[in-house]
Amino acid sequence: EQPSDASLVHSLFPNPMSGRSTISFTLDKPGSVSVSIADVMGREVGRVAQGFFPQGRSQLSFPTDQLSPGAYFVLVAAGEQTGSIPTIHR
């Protein structure tokens with residue numbers, strides 16, 4: 001697990017990613033959340049989830065097989081809250 005650059009995102013496991021990963025995040029209030037993967041240039045290369053999540057801590061498990069080996073950021077956006085966590089895909 002790696003620390004996030006924002007309190008919204010708690011962890012990404014495993015990190016480095018391989019096969020499947022799970023991201024953990026906490027919302028101050030229920031609302032619409034977008035979870036995506038971006039390359040180091042900031043281009044979105046995958047959408048993990050987009051939908052309504054409850055207040056509190058949530059976890060999402062997602063496949064990473066479609067990613068080429070390299071460095072990425074997993075991004076979480078929920079209204080005014082945003083967070084990211086850097087990762088490598090092997």
Side-chain angles (χ1 to χ4, degrees):
E1 294 185 17
Q2 298 290 323
S4 168
D5 63 356
S7 62
L8 173 66
V9 180
H10 293 288
S11 65
L12 178 69
F13 182 83
N15 192 358
M17 299 187 296
S18 179
R20 286 193 79 75
S21 286
T22 301
I23 189 163
S24 175
F25 58 92
T26 299
L27 299 179
D28 291 342
K29 58 185 177 183
S32 180
V33 174
S34 173
V35 181
S36 58
I37 300 171
D39 65 16
V40 294
M41 300 300 290
R43 295 179 295 238
E44 184 177 299
V45 296
R47 178 67 50 118
V48 174
Q50 186 159 359
F52 189 86
F53 285 82
Q55 178 180 356
R57 192 171 185 138
S58 293
Q59 289 188 331
L60 273 174
S61 181
F62 57 95
T64 61
D65 299 349
Q66 78 282 4
L67 296 173
S68 299
Y72 296 93
F73 291 92
V74 179
L75 311 170
V76 179
E80 297 296 314
Q81 290 183 280
T82 60
S84 66
I85 193 163
T87 187
I88 294 173
H89 185 264
R90 294 184 176 173

Donor-acceptor contact below 3.5 Å, side chain [X] vs main chain [Y]:
X   : Y   : value
E44 : A38 : no
T87 : F73 : no
N15 : P86 : yes

Could you state the interatomic distance from [atom1] ([X]) to [atom2] ([Y]), rounded to the nearest 0.5 Å?
X   : Y   : atom1 : atom2 : value
Q66 : H89 : CD    : NE2   : 7.5 Å
D28 : Q55 : CG    : CD    : 7.5 Å
L12 : S84 : CG    : OG    : 11.0 Å

Distance-minimising heavy-atom pair for [X] and [Y]:
X   : Y   : result
Y72 : D39 : CD2-CA, 3.9 Å
L8  : G83 : CD2-N, 3.6 Å
F52 : P30 : CZ-CB, 3.6 Å
Q81 : L27 : OE1-CA, 3.9 Å

Do the non-hydrogen side-chain atoms of [X] and [Y] ever get within less than 4.5 Å of each other?
X   : Y   : value
S21 : P14 : yes
S36 : Q50 : no
F62 : I37 : yes
I85 : L75 : no
F53 : L60 : yes
V74 : V35 : yes

Given the rule in the side chain to side chain contact (heavy atoms under 4.5 Å, CB included) test, do I23 and V48 qualify, once you have shown the distances and angles that lead to the verdict?
-> CA-CA 10 Å; I23 189 163; V48 174; 5.6 Å; no
Report, as yes or no, whether the 6.0 Å neighbourhood of atom CD on E80 holds more than 12 heavy atoms from other residues, nucleotides or ligands.
->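 12 or below, so no.
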Distance-only polar pair, side chains of S18 and R90, donor-acceptor under 3.5 Å =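 On atom types as modelled, these side chains do not qualify, holding no pair under 3.5 Å.
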Do T26 and V9 pass the side chain to side chain contact (heavy atoms under 4.5 Å, CB included) test, and can you show the C-alpha distance, the side-chain angles, and the key distance before you say yes or no?
-> CA-CA 7 Å; T26 299; V9 180; over 6 Å; no
